[in-house]
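Input: a single structure, listed below in C-alpha cells.
Whatever order the structure lists ligands and atoms in, that order sets their numbers, starting from 1.
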Amino acid sequence: MQSHFESFRAGDIIFVEGDAPANAFLIESGRVEVSRMWFGVRHVLGELGAGMLLGEVAVIDESPRMMTARALTPCRLMPISTAQITERLAAADPIVRMLLMGQVTRFRLMLATFTGGAAVSRVDVLDKPADADAVGKIRLEGELRVALEHGELEVFLQPIQEIESGCIAGYEALVRWQHPRRGTVMPTEFIRLAEETSLIVPIGDYVLERVCDMLGELKRRRREPLPFIAVNLSARQLEAPELVERILGYLYKRELPPDRLKLEIAESQIFHEAHIARLMARCHSVGMQVALDDFGTGYSNLGPLLTLDFDQIKLDVGFAHALDRPRGVLLVGAIADMARALSCDLVAEGVETREQHEILRLLGCRYAQGWLIGRPVTLEQVLAS
Ligand code: C2E
Ligand code: CA
Ligand code: CA
C-alpha cells in the first residue's frame, strides 16, 4: 500500500485532462481546483479540499482524465494506487459495483454533454457491457421476490432417524425453488442471495408457516408419535425480537405442541450471543429445542457451546464422510463424548453408507440424517410412505 505524500505548490498542475490515470489521490491538506476546456476556454467545475478524493473516476473506469487538477494553495496529497481501488472493486458486491459503474458512466456522459469535447464519445459510454455477475444476481433476486408471491418455493422434508430404535423421529425442512424455466433451484444457490437482502425474512416466515401446516397435516393423519420438523433460521430472522412469539402464534393457531418444531441455527448465523441466549431461553420455556447446525465447518469454534445451551449438535456432512479414516472416527468419537458431557443430542448429517451408520451407532450418536436414511421429499411422499 502506498503511504507517501506528494506535495504541490500553489499553481502547480496535478494532472491534465486527457492523461492516462496513474493513480487517484486523497487530499490531506490544501485546496484543488478542477477544470475542463470547452471550445478553447477553461471552465472551472469545482474546488476540492482536505478529506476528499481526487481523480478516482478515471481510475475506476480506466479511462483518460476528464479534467485538469491544479493546486490553489500548497497541497499535500496521498496517492491511492490503481491496485488499491481495483482490488476493492473486484471484492465488492457485484450489484454495488454495477451501481457505481452506472453512476461513473452517467457522470462522464453528462460532463461530455454539458461541457462539449469528446474525452469519451456517447457511444463509448453506452456500449460498455454491464457486469454479467451483477446482472445475473439482480435478475435472480427479482425473480425470487416474484417466486415467493407465486408460491414457487416448496418445502421438502428429509427424514432424521433415531439410530438405536431405527425409527424416523423427525424431518428437516429444506426449501427448493421450482423455477418455471430452470426447474428445481437448490437453496445453496438462492438462500445466500436472500440473506444478503431482507428477502430472507419473508422467505423464512413462509417456510415456518408451511412447516406448521405440515405438522398440522401429520397430526390430522394421526402420525403417532407426531414427528418433529427442524427449520433452518438465518441471522436476519433471528434479529427480529418477536420471532419466537410469531412461531408460537403459528403453532397455537393449529393446536400444535411447541416441542414438535426444532430450530436450527448455524454458527455462522450467530452474531449477538446474548440475544440468541434470550431467544433460546424463551424457546426452552415452551419446550422448543434449538440445534447448533453445521458444527465443525468454516471458522467454527467452541465459543457458542460455551455460552449457549443448545439441545442438539448437528455434525456437518464432512464428518460422516471422514468416518472411513481412523482419524475421522477418533474425532467424531471425541465430539460424541463432548455432546454427552453437555447433555446435547448429536445428529450426524450426510450419512450415505451402512458402514458410516454402524460406526455412528457404536460411537453413541443419537440421530442420523442422509441419503442412506432418505432424500428430501415432499409432504405427499412422506404421507404415502
Ligand atoms: P443444511 O442445513 O446443512 O442442510 C443439509 C444439506 O445437506 C441439504 O442440502 C441436504 O439436502 C444435504 N444432504 C442431506 N443428506 C445428504 C447426504 O447424505 N449427502 C450429502 N452430500 N448431502 C446431503 P440443501 O437442501 O441443498 O440445503 C443446503 C443449505 O441451504 C442447508 O444446509 C441450509 O443451510 C440452507 N437451507 C435450506 N433450506 C433453508 C430454509 O428454509 N431457510 C434457511 N435459512 N436456510 C435453508
Ligand atoms: Ca440445517
Ligand atoms: Ca447442516
Residue pair Glu141 / Thr197, side-chain donor-acceptor N/O under 3.5 Å | no
Measure from the Ca ion (ligand 3) to each N, O or S atom of Asp316 and report whether any distance is below 3.0 Å.
-> no
Just going by heavy-atom distances, which of Val211, Leu174, Val175 is nearest to atom 39 (C) of ligand 1?
-> Val175
For Ser234 and ligand 1, answer yes if some heavy atom of the residue is under 4.0 Å from a ligand atom, otherwise no.
-> yes
Near Pro376 (heavy-atom distance under 4.0 Å), the atoms of ligand 1 are 11 (O)
Min over Ile191, Val207, Ile203 of heavy-atom distance to atom 41 (O) of ligand 1 lands on Val207
Where is the nearest protein heavy atom to atom 7 (O) of ligand 1: which residue, which atom, and how far?
-> Val317 CG2, 4.1 Å
Pick from Glu349, Arg176, Glu352, Glu195: the one approaching atom 5 (C) of ligand 1 most closely through a non-hydrogen atom = Glu349
Which is the closest N/O/S atom of Asp294 when seen from the Ca ion (ligand 3)?
-> OD1
Quick one: do Arg31 and Glu47 make a salt bridge, cutoff under 4.0 Å?
-> yes
Nearest neighbour in protein (non-hydrogen) for atom 18 (O) of ligand 1 | Trp371 N, 2.9 Å
Element-labelled atoms of ligand 1 that are located less than 4.0 Å from some non-hydrogen atom of Asp293 = 2 (O)
May I ask you to test the Leu315-Val347 pair for a side-chain heavy-atom distance under 4.5 Å?
-> no
Quick one: does atom 9 (O) of ligand 1 have a protein heavy atom under 4.0 Å from it?
-> no
Counting each atom of ligand 1 from 1 as listed, which ones have a heavy atom of Gly370 under 4.0 Å away?
-> 15 (N), 18 (O)
Near Gln158 (heavy-atom distance under 4.0 Å), the atoms of ligand 1 are 10 (C), 14 (C), 15 (N)
Decide, yes or no, whether a salt bridge links Arg145 with Glu149 under the criterion of side-chain N to carboxylate O below 4.0 Å.
-> no
Determine whether Leu48 and Glu33 make a side-chain contact, defined as any pair of heavy atoms from C-beta on separated by less than 4.5 Å.
-> no
Does any N/O atom on Asp294 come nearer than 3.5 Å to any N/O atom on ligand 1?
-> yes
Determine, for Lys314 against Asp294, whether the closest basic-nitrogen to carboxylate-oxygen distance falls under 4.0 angstrom.
-> no
Select one of side chain, backbone, both or neither to describe which atoms of Glu172 lie under 4.0 Å from any atom of ligand 1, heavy atoms only.
-> side chain
Per residue Glu264, nearest N, O or S atom to the Ca ion (ligand 2) is named OE1
Are Arg176 and Glu154 close enough for a salt bridge, meaning some N to O gap below 4.0 Å?
-> no
State whether Lys137 and Glu196 are salt-bridged, where the test is any N-O pair (Lys NZ or Arg NE/NH1/NH2 against Asp/Glu carboxylate O) under 4.0 Å.
-> yes
Residues Arg236, Glu239: salt bridge by 4.0 Å N-O rule = no
Closest approach to the Ca ion (ligand 2) by Glu172, given as the N, O or S atom name = OE2
Is Arg254 atom CZ crowded by more than 12 heavy atoms from other residues, nucleotides or ligands, each under 6.0 Å away?
-> yes
Among protein heavy atoms, which lies nearest atom 42 (N) of ligand 1, and at what distance?
-> Asn232 O, 3.5 Å
Determine if the distance from atom 32 (O) of ligand 1 to the closest protein heavy atom is below 4.0 Å.
-> no
Could you check which N/O/S atom of Asp293 is closest to the Ca ion (ligand 3)?
-> OD1
Atom nearest to the Ca ion (ligand 3) - Glu349, N, O or S atoms considered = OE2
Would you find a donor on one side and an acceptor on the other, under 3.5 Å apart, between the side chain of Arg97 and the backbone of Leu89?
-> yes
In this structure, atom 29 (C) of ligand 1 is nearest to the protein heavy atom Pro187 CG, 4.4 Å
Electrostatic pair Arg282:Glu245 at N-O distance under 4.0 angstrom = yes
Taking atom types as modelled, is there a side-chain donor on Glu152 or Trp177 under 3.5 Å from an acceptor on the other?
-> yes
